[in-house]
Structures are given as structure tokens and as C-alpha cells.
2 protein chains.
Amino acid sequence: MVAYTSEHPPIFVTVDLVILTLREGMFAVLLVERGGEPFRGRWALPGGFVHVDEDLVDAAYRELEEETGVGGDAVHLEQLATYGAPGRDPRSRVVSTAYLAVGADLPEVRGGSDAADARWWPVEEALGLDLAFDHRTILGDGVERARSKLEYTDLALRFVPARFTMPELQGVYEAVWGTALDPRNFARKVTRTEGFVRETGEERRGARGRPARLLEAAGARTLMPPMMRE
Amino acid sequence: MVAYTSEHPPIFVTVDLVILTLREGMFAVLLVERGGEPFRGRWALPGGFVHVDEDLVDAAYRELEEETGVGGDAVHLEQLATYGAPGRDPRSRVVSTAYLAVGADLPEVRGGSDAADARWWPVEEALGLDLAFDHRTILGDGVERARSKLEYTDLALRFVPARFTMPELQGVYEAVWGTALDPRNFARKVTRTEGFVRETGEERRGARGRPARLLEAAGARTLMPPMMRE
DNA sequence: GGAATAGTGTCTCTGAGACATTATCTG
DNA sequence: CAGATAATGTCTCAGAGACACTATTCC
């Protein structure tokens, strides 16, 4: 490694966020409509520049809070990948580190500091949009990461509140994977996977039908054996 | 996203490489001894600055070739993660995207353009070194990525030549995972995993003992069902 | 023929997948 | 009591893990 000289010109660094949640049982992602050039009027992932003295993950938390109003504790955040092709931003060389955020029932949003509009999109619809920059690729990678992490980690629990029911948890898997699962096999699998969920002893009453028992996380971060995607 | 102003100062971007191979059956990583400050005399991952008009992955290929003399085709390269804590480089703000490289029996190396020395280290030893920057973290992440990708992808085949024997393949798993495997169960598993390996019809003779049949890759990139790490 | 290395079969157990009925609540 | 929703058990099949001997070569 050599000393810094003009041979190694600086590069702009941004973070972009793939923020996933379940809204009314639908797998959804937050997109913002661009208010300025380039790509004015096109939908994009929320994101922004990294400050000079700011860690990448802190920049991601800051953008997350700015866009959703939700603080870091309530939301799972993990690095996805870094996208750095020259020309991905027509203005200048910009390298972007993408983060995946997952939260339970994140709030409705409208507008933003520097965006014309912002709203939740059903993930399948969002994947069909012609997004700004290389955000279609990033979104696809984020969705795939979430889908595969449902298999072998407790990521599904980030899509539901601290207390949840077995049918709600099954709904997470069904919405994110886009498949139907058998409730008998699902419940058996969840129950027998050591440390995944635990009974709270309480029930959720008041709705139609038989009351559902409330569960909570039991602490395991990785699932052995994993859940099977079909 | 706003326009570029002095509010968003540029940042230096580098790539670092975790280059893994098997040398005489030992799981090994390439480290370079730093010839300049900071961290002069400490061991580090090979890496360097990204050029202004160079894609990140191209910078990684370039560094790989500079350090090992091996071109891209022979080596598997994938992005690992990006490390961007302020202060990780004492000189200025540097964000580094790390890549994982895996090749079969990569050549001996000595010295380098900008390094005092370079050599292959047994991975376990390297993990015990006090590496420069945050390279201990990066190395740990790279090794864990390789270990887990042996389970569900054909990454093991990148550690061996195009034609290889069943005991050689088993040796990859044993060296990288650091565990002993049962040859009967191993061969059954490999053989029954659709598209993993195929017989070439040839044998390797000339060594002591019964000749080993030569196998080759059969094309599958992901293994279903996965190999099991103990 | 001896040393070295490659190659293989069986049994048991665990977990996945297919499948329909009963239980408990609200209105 | 009707409608809605939650909860659960059995059978079959596939794959993992434990385990020891035979086959083929070189010297």
C-alpha cells in the first residue's frame, strides 16, 4: 500500500437501504420518489451520503431514522453488499454500501426531507419497477438475502412484534417466500427447533375464532435444523 | 439525495483480499508484511486503492494478479463485506471492500511491489496474528464465509484442480472445516448430490496404493441437500 | 507378500412432507 | 348455533451418522 497521492482520487460513499416489513400481511419495501436529477421522478431506495466521521452502519441507522422515524433498536439492520461500478451514478464516482433493514409493521410514511414522495410498495411490484441507479439489483439482492435468512436464522421474528402467534409467524414465511405452508408441519417445525420460540402462557382474545397463544423469541440466532423453503 | 457539496467530503476506497488455498493439504491464506507506515512490519491482507474508473471487482482482480501472478479465470472471487469504521486507517478516512478469493494450489510468493514480504500462512496461525488495521476481523469473516459456503455451494471445487479424486475433495472439507469426516458417508453424500461431481472415467496411477478415480465438476453451483459440517 | 491407499453396504434414527379433524372463541 | 380461527397426530420416505472390510496398486 502506498501513500495517498493524486493517483488515488477520493470517491463519494453513500449508503442505500432495503427496508422490508409486513404491512397488512403483505411483504413490503420502502421506496422514495426522486425529487432531483438524476433520475428525477423515478423511484429509488432511500439512502444518502456518509459523513466524514461516521461509521457506515451509523449512516445507515441515520437514514433509516430519517426515512421511517423508527430508531435502531426496533429494527434489524445488516450490511448487504457494496455496489461500485463506475457510471452507476452519472454525476461522479459513487460507491454505495447497501444495508438490509427489517422491522415489524413499520409506520406509514409520506414525503421526506429530500424526496418528492415516499411509500411502501408490495415487494413483487417494486421488483417490476424501473428503479433509479442500480437499485433494482440492490433490491433483488436484499429480497433474496431476507428470503434465505428466514431459513437458517431467526430473521422472521424481526417481522413481528415481541409477542406474536403461530399463525402470524407462519404468515411471515408465507408472505416473504410467496408460498403456502402446512400449519401442522409448520407448528411442529417451529416448536421443535431448539431456542426459536417459547410460549408466554398468554392468549390473544377478542378476535373472532379460537384465541391464539402468544409466543416470544427464545434467543436462538441460528436455527438448527433450518426451516425449509418448500 | 442532494447535490455533491463540501458537506459530503470524498473518502478513499480500497479493496482488501482474503486469498485462500490449500498448500500441501493445509488451509492457507496469503499475507503481506507491511513495508511502510502505518503498521510497518505487521502482517496484513493484500490490497490497494481502487482507481477512479475501475469497478471494485476489477480492482480486486488486479490486486490478486499483482500479488499472486494468477489471473481471474483460475480463481473464484466474491465480495465479502465493506469495512468503514472511521479511524480504521489512522491516516485518513478509508473504506475498504473486502473480497474472498479461492484457488487451487496457488503459487509460492515472495515480496511484492509495495510490501516487504509476502507468504502463505496456515489459516489458524494467521488468525492468531496481530494483523494491521482491522484485518483480523476481515480474515475471520472471510474464513467463516468459506467454511459456510462449503456446505451449500460447490466452493470446495475451487480448492482443487479441474480433475481431482474423492480423497482430495474430502481433504478440502477436512482442512477448511478442521474436522475429520467418514470416507464412506462422504463419498455417498457427494455422489448422491445431484450435479456436484461426475466421473471422468480416468484414474490417477503411479502413486502408492490403489489408483484413485478422477472426478470433475458436474455443473451445480448450489448443493441440495447441503453438505453437513459435523 | 506387505504396505499403502481407494472404495464400498447396512442399520438405525431423525426429520420432512402429506394429510383431516377437533377445540374454542365471538356474534 | 353458526361462522371463524387455532391447534394437533400419524404414516411414509429420505437422508445422516455410525461402523469394518475388501480391492488394487507399488515395491
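Keep in mind the model is a prediction, meaning the values are calculated, not measured.
Between B:Arg204 and B:Glu168 a salt bridge is recorded (basic side-chain N to carboxylate O distance below 4.0 Å). With respect to the salt-bridge test (charged N to carboxylate O, under 4.0 angstrom), the residues A:Glu144 and A:Arg229 qualify. Salt bridge A:Arg42/A:Asp130: present, at least one basic N to carboxylate O contact under 4.0 Å.
The B:Asn185 side chain lies nearest to D:dC19 when the options are C:dC19, D:dC19, C:dA16. Taking only side-chain atoms of B:Arg184, from C-beta outward, the nucleotide of C:dG7, C:dT8, D:dT25 with the closest atom is C:dT8. Side-chain atoms of B:Arg205 lie closest to D:dT25 of the nucleotides D:dT8, C:dT8, D:dT25. The side chain of A:Arg210 approaches C:dA23 more closely than any other nucleotide in the set C:dA6, D:dG9, C:dA23.
Side-chain atoms of A:Arg188 and base atoms of D:dT10 include a donor and an acceptor less than 3.5 Å apart.
As a whole-Å value, the separation of A:Phe186 CZ from C:dA16 C1' is 14 Å. Residue A:Arg204 contributes atom CZ, which lies 13 Å from atom C1' of D:dT5 at whole-angstrom precision. What separates CE of A:Met228 from P of D:dA14 is a distance of 16 Å, to the nearest Å. Atom pair B:Leu215:CG and C:dA6:C1' shows a separation of 12 Å (rounding to whole Å applied). Distance CD (A:Glu202) to P (C:dT24): 19 Å, rounded to an integer number of Å. Note: CD (A:Glu203) to P (C:dA23) measures 16 Å, nearest angstrom. In this entry the distance linking CG of B:Leu214 with C1' of C:dG7 reads 15 Å, nearest Å. The interatomic distance linking B:Met224 (CE) with D:dA14 (P) rounds to 15 Å, in whole Å.
Looking only at atom types and distance, the side chain of B:Tyr83 has a donor-acceptor partner in the side chain of B:Asp141 under 3.5 Å away. Judged purely by distance below 3.5 Å, without hydrogens or angles, the side chains of B:Thr153 and B:Thr222 never pair a donor atom with an acceptor atom.
Distances shown here put every side-chain N or O of B:Lys189 at or beyond 4.0 Å from the OP1 or OP2 atom of D:dG15. Within the 4.0 Å cut-off from OP1 or OP2 of C:dA3, not a single side-chain nitrogen or oxygen of B:Arg208 is found. Considering only side-chain N and O atoms, B:Arg213 lies under 4.0 angstrom from the phosphate OP1 or OP2 of C:dT8.
Residue-to-nucleotide proximity on DNA chain D shows that, of B:Gly209 and B:Pro183, the 5′-proximal contact is made by B:Pro183. For A:Ala212 and B:Pro226, each mapped to the nucleotide of DNA chain D holding its nearest heavy atom, the one lying further toward the 5' end belongs to A:Ala212. With DNA chain C read from its 5' end, the first of the two nearest nucleotides for B:Asp182 and B:Pro167 is the one closest to B:Pro167.
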